[in-house]
Student: 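Below you will find the structure I want to go over with you.
Only a predicted model underlies this, so the values are computations on that prediction, with no experimental measurement involved.
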Amino acid sequence: WLFKEEKIRRDPADSMHAPKIEKKVPVILTVDEVTKLLEQPSGANPKEIRDKAMLELLYATGIRVTELVNLKLSDVNMSIGFITCRDEQDALAKYLESARETFLKGTRSELLFTNYSGRAMSRQGFWKIIKYYGERAGIEEDITPHTLRHSFAAHLLSNGADMRAVQTMMGHSDLASTQMYTAYAMDNAVREAYQGAHPR
């Protein structure tokens with residue numbers, strides 16, 4: 001203000017720089033860890049059938065947890081294979097056939113997944129579910145629903161998926177947001193090259 005008003009000759013803000021904001025590397029599970037996590041709900045009761053379907057869908061699609069808990073029954077078309085991942089399709093079919101009605105208790109809901117009361121599940125409610133199964137799987141990292149989304153993208157890239165395709169799947173407007181997963185993909189490739197080439 002003083003500089004603009006010509007009360008001083010030099011702008012003291014010229015030498016100031018915005019602080020560098022370090023982007024925190026997201027927690028990414030290994031394929032083995034994801035497999036263990038997805039195996040935790042055994043399907044022995046309606047809750048585990050629902051939880052398995054939710055976890056499988058989250059990892060198979062990379063959708064955000066808000067999108068997951070707000071999915072409507074009309075968003076899924078099993079007859080035309082709208083859910084194309086085989087494991088997810090099986091888990092979802094089992095949930096729709098044998099568990100969903102347990103939660104609804106005779107009421108109607110347009111939501112695909114509900115809580116015990118047949119109402120919308122909160123993000124926090126699902127966060128507790130993923131925490132519970134993460135601990136059961138012996139995963140030491142502090143995982144959240146977003147961890148499966150990050151893992152989805154990183155695993156696709158490490159298995160050769162096109163960066164732009166992953167960007168579209170993740171709904172990223174900026175390619176830089178997708179590029180943060182390439183470090184995991186490169187680390188994975190280096191590890192595999194070492195294990196494949198080292199004599200011991």
Student: Same cluster or not: are Leu57 and Leu73 linked, directly or through other Ile, Leu, Val, Met, Phe, Trp or Tyr residues, by side-chain heavy atoms under 4.5 angstrom apart?
Tutor: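 Yes: a chain of side-chain contacts under 4.5 Å links Leu57 to Leu73.
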Student: Measuring from Arg50:CZ to Asn45:CG, what's the distance to the nearest 0.5 Å?
Tutor: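 Going from CZ on Arg50 over to CG on Asn45, the span is 9.5 Å.
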Student: I want to check something: taking the side chain as every heavy atom from C-beta on, are Leu175 and Arg164 in contact at a cut-off of under 4.5 Å?
Tutor: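 A side-chain contact under 4.5 Å exists here.
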Student: Let me see the working for Leu92 and Phe113 under side chain to side chain contact (heavy atoms under 4.5 Å, CB included), right down to the final yes or no.
Tutor: CA-CA 10 Å; Leu92 193 53; Phe113 299 108; 3.9 Å; yes
Student: So if you build clusters from Ile, Leu, Val, Met, Phe, Trp, Tyr with side-chain heavy-atom gaps below 4.5 Å, do Met54 and Leu71 land together?
Tutor: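 Met54 clusters together with Leu71.
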Student: Of the non-hydrogen atoms in Val69 and Leu111, which two are nearest, and what is the gap between them?
Tutor: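 Minimum heavy-atom separation between Val69 and Leu111: O-CD2, 3.9 Å.
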Student: Starting at CG of Leu58, measure out to OG1 of Thr147 and round the result to the nearest 0.5 Å.
Tutor: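 The OG1 atom of Thr147 is 9.5 Å from CG of Leu58, to the nearest 0.5 Å.
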Student: For the hydrophobic clusters of this structure (ILVMFWY residues joined by side-chain heavy atoms under 4.5 Å, transitively), does one cluster hold both Trp127 and Val34?
Tutor: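 They do not share one cluster, since no chain of ILVMFWY contacts under 4.5 Å joins Trp127 to Val34.
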Student: Using salt bridge (Lys or Arg N to Asp or Glu O under 4.0 Å) as the criterion, list what pairs up with Lys94, not counting sequence neighbours.
Tutor: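 Checked Lys94 against salt bridge (Lys or Arg N to Asp or Glu O under 4.0 Å); zero matches.
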Student: Just by modelled atom types, is the Leu29 backbone N or O under 3.5 Å from a matching donor or acceptor in the His155 side chain?
Tutor: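 Yes, because the side chain of His155 sits within donor-acceptor range (under 3.5 Å) of the backbone of Leu29.
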Student: Provide the closest heavy-atom pair for Ala53 versus Ala91 in the form atom of the first, atom of the second, distance.
Tutor: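 Nearest heavy atoms, Ala53 then Ala91: CB-O, 3.7 Å.
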Student: Please name the pair of heavy atoms, one in Asp51 and one in Ile129, separated by the smallest distance, quoted to 0.1 Å.
Tutor: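 What the structure gives for the nearest pair is OD1-CD1, 3.6 Å.
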Student: Quick one: closest heavy-atom pair of Tyr181 and His150, and the distance?
Tutor: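 Residues Tyr181 and His150, closest heavy atoms: OH-ND1, 2.7 Å.
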Student: Around Lys36, counting heavy atoms of other residues, nucleotides and ligands shown, do more than 12 lie under 6.0 Å from its NZ?
Tutor: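 Incorrect, the count does not exceed 12.
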Student: If you measure from CZ on Arg123 to CZ on Arg64, what distance do you get to the nearest 0.5 Å?
Tutor: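 Nearest 0.5 Å value for the CZ-CZ distance: 10.5 Å.
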Student: Could you check whether any side-chain N or O of Glu110 sits under 3.5 Å from a backbone N or O of Lys72, counting only pairs where one atom can act as donor and the other as acceptor?
Tutor: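 No, Glu110 side chain to Lys72 backbone: no donor-acceptor pair under 3.5 Å.
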Student: Kindly determine whether Tyr133 and Lys52 satisfy side chain to side chain contact (heavy atoms under 4.5 Å, CB included), including the steps that lead there.
Tutor: CA-CA 10 Å; Tyr133 290 116; Lys52 183 166 184 63; over 6 Å; no
Student: For residues Gly134 and Leu37, report the shortest heavy-atom separation together with the two atoms involved.
Tutor: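 Smallest heavy-atom distance, with atoms named: N-CD1, 3.5 Å.
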Student: With a 6.0 Å cut-off (strictly less than), is the heavy-atom count around CD of Glu5, excluding the residue itself, greater than 12?
Tutor: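 Yes, because the 6.0 Å sphere around CD of Glu5 holds more than 12 heavy atoms from other groups.
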Student: I need the Thr30 OG1 to Glu141 CD distance, nearest 0.5 Å.
Tutor: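 It is 8.0 Å, given to the nearest 0.5 Å.
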Student: Can you tell me how far CG of Asn70 sits from CD1 of Ile63, rounded to the nearest 0.5 angstrom?
Tutor: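 The CG atom of Asn70 is 9.5 Å from CD1 of Ile63, to the nearest 0.5 Å.
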Student: Without swapping roles, check the side chain of Lys105 against the backbone of Tyr116 for a donor-acceptor pair under 3.5 Å.
Tutor: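 Side chain of Lys105 to backbone of Tyr116: a pair is present.
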Student: Would a 4.5 Å heavy-atom cut-off, applied to side chains only, mark Ser109 and Arg100 as touching?
Tutor: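 The answer is yes; the side chains approach within 4.5 Å.
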Student: Do Asp75 and Leu112 touch side chain to side chain, with heavy atoms closer than 4.5 Å?
Tutor: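 Answer no - side chains too far apart.
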Student: What's the separation between atom CZ in Arg149 and atom CD1 in Ile28, rounded to the nearest 0.5 Å?
Tutor: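 It is 12.5 Å, given to the nearest 0.5 Å.
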Student: State, to 0.1 Å, how close Thr114 and Tyr95 come at their nearest heavy-atom pair, and which atoms those are.
Tutor: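 Nearest pair, atom of Thr114 first, then Tyr95: N-OH, 4.0 Å.
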Student: Would you mind reporting whether Leu68 and Pro145 have side-chain heavy atoms less than 4.5 Å apart?
Tutor: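 A side-chain contact under 4.5 Å is absent here.
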Student: Linking I/L/V/M/F/W/Y whenever any side-chain heavy atoms sit under 4.5 Å apart, do Val31 and Leu38 land together?
Tutor: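 Different clusters.
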